[in-house]
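Worksheet: the structure to be examined is printed underneath.
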Amino acid sequence: QVHLVESGGGLVQAGGSLRLSCAASGTTFSSATMAWFRQVPGTGREFVAAITSTGDRTYYTDSVKGRFTISRDNAKNTVYLQMNSLKPEDTAAYHCAQRPIGGVSYDPQWYPYWGQGTQVTVSS
């Protein structure tokens, strides 16, 4: 059973930074595609970023390009999301997701495993 646990969320002022972490267990992490999504109450999950199993390719939604960086450490079974220059519109619950057999999609239905999420709140 795959288990994903996010951490690192919190309250930050606009322009500030946060680093989210997602620790994975119960799977061959090094062969899995990992992604971050975010969700505001009353809306669907929005793709934020994804990274291939080896970390050689990364993908971002346009609104976070140049501000967010996704990375992974396969030795620690952990994926990260470094968020800089945060804006109030980045406020959301951030979830990590995993697709064990690779491939990348912006569609949340592509990912069978999800963490519970960590809240990020950016004040203006």
Side-chain angles (χ1 to χ4, degrees):
Q1 182 69 23
V2 175
H3 192 49
L4 304 175
V5 180
E6 302 96 336
S7 61
L11 174 63
V12 64
Q13 289 187 331
S17 298
L18 284 173
R19 188 194 197 202
L20 306 184
S21 299
C22 172
S25 61
T27 186
T28 307
F29 180 82
S30 61
S31 64
T33 294
M34 299 298 298
W36 288 95
F37 287 77
R38 61 188 180 187
Q39 187 171 24
V40 175
T43 68
R45 289 182 175 175
E46 176 194 18
F47 174 84
V48 176
I51 187 167
T52 54
S53 59
T54 60
D56 61 331
R57 302 191 74 169
T58 57
Y59 305 81
Y60 300 93
T61 192
D62 286 346
S63 63
V64 308
K65 286 180 180 177
R67 300 190 298 122
F68 291 11
T69 302
I70 188 171
S71 62
R72 65 190 295 160
D73 185 339
N74 285 350
K76 295 182 178 179
N77 285 6
T78 301
V79 63
Y80 305 97
L81 186 67
Q82 178 68 44
M83 305 186 296
N84 299 329
S85 303
L86 282 160
K87 304 175 181 180
E89 51 264 43
D90 294 318
T91 295
Y94 283 72
H95 299 263
C96 68
Q98 183 186 89
R99 181 172 174 86
I101 58 174
V104 175
S105 174
Y106 291 24
D107 183 349
Q109 295 186 3
W110 184 261
Y111 299 87
Y113 301 112
W114 292 82
Q116 291 299 308
T118 185
Q119 179 66 35
V120 172
T121 303
V122 184
S123 63
S124 57

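Excluded from the calculations below are hydrogen atoms, water molecules and symmetry mates; all remaining heavy atoms, backbone and side chain alike, are included. Worth saying up front: this structure is predicted, and the values here are computed from it rather than measured.
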Donor-acceptor pair, side chain of E6 and main chain of G117, under 3.5 angstrom = yes
Could you tell me which non-hydrogen atom of A49 sits nearest to which non-hydrogen atom of L81, and how far apart they are?
-> CB-CD1, 4.2 Å
Quick one: pull up CZ in R99 and OG in S105 and give me the separation to the nearest 0.5 Å.
-> 8.0 Å
Would a hydrophobic clustering, with Ile, Leu, Val, Met, Phe, Trp and Tyr connected at side-chain separations under 4.5 Å, put W110 with W114?
-> yes
Step by step, would you call Y94 with R38 a side chain to side chain donor-acceptor pair (under 3.5 Å)?
-> CA-CA 4 Å; Y94 283 72; R38 61 188 180 187; 2.9 Å; yes
Is there side-chain contact between Y113 and L4, with heavy atoms separated by less than 4.5 Å?
-> yes
Same cluster (ILVMFWY, side-chain, under 4.5 Å), Y80 and L18 | no
Ignoring hydrogens and angles, tell me if any N or O in the side chain of R72 forms a donor-acceptor pair with the backbone of F29 under 3.5 Å.
-> yes
Of all the heavy-atom pairs spanning R45 and P108, show the shortest one and how long it is.
-> O-CG, 4.1 Å
Look up atom CD in Q98 and atom NE2 in H3, then write down how far apart they are to the nearest 0.5 Å.
-> 12.0 Å
Spacing of OG belonging to S124 relative to NZ belonging to K87, to within rounding of 0.5 Å | 14.0 Å
For the student: nearest non-hydrogen atoms of G16 and V12, plus distance | CA-CG2, 3.8 Å
Same apolar cluster (I L V M F W Y, side chains within < 4.5 Å links), V79/V2 | yes
Starting from the C-alpha separation in whole Å, work towards a yes-or-no answer on side chain to side chain donor-acceptor pair (under 3.5 Å) for T54 and D56.
-> CA-CA 5 Å; T54 60; D56 61 331; 2.8 Å; yes
Excluding sequence neighbours, so at least two apart, what forms salt bridge (Lys or Arg N to Asp or Glu O under 4.0 Å) with R57?
-> none
Measure from the side-chain N and O atoms of T78 to the backbone N and O of D73, and report whether any donor-acceptor pair falls under 3.5 Å.
-> no
Are F47 and M83 linked, directly or through other ILVMFWY residues, by side chains that come within less than 4.5 angstrom of each other?
-> no
Mind listing the closest non-hydrogen atom pair of M34 and I70 along with its distance?
-> O-CD1, 4.0 Å
Atom pair CG/OG1 of N77 and T28 - distance to nearest 0.5 Å | 9.0 Å
Shortest non-hydrogen contact from Q82 to S17?
-> NE2-CB, 4.0 Å
Are any of the side-chain heavy atoms of T91 and V40 separated by less than 4.5 Å?
-> no
Does a side-chain N-to-carboxylate-O contact under 4.0 Å join D62 and K65?
-> yes
Expected output: side-chain N74 to main-chain S53 donor-acceptor under 3.5 Å = yes
Shortest non-hydrogen pair, S85 vs R67, comes out as O-NH1, 2.9 Å
Taking the six-membered ring for Trp, are the ring centroids of Y111 and F37 within less than 6.0 Å of each other?
-> yes
Contact check, side chains of F68 and L86, non-hydrogen atoms, under 4.5 Å | yes
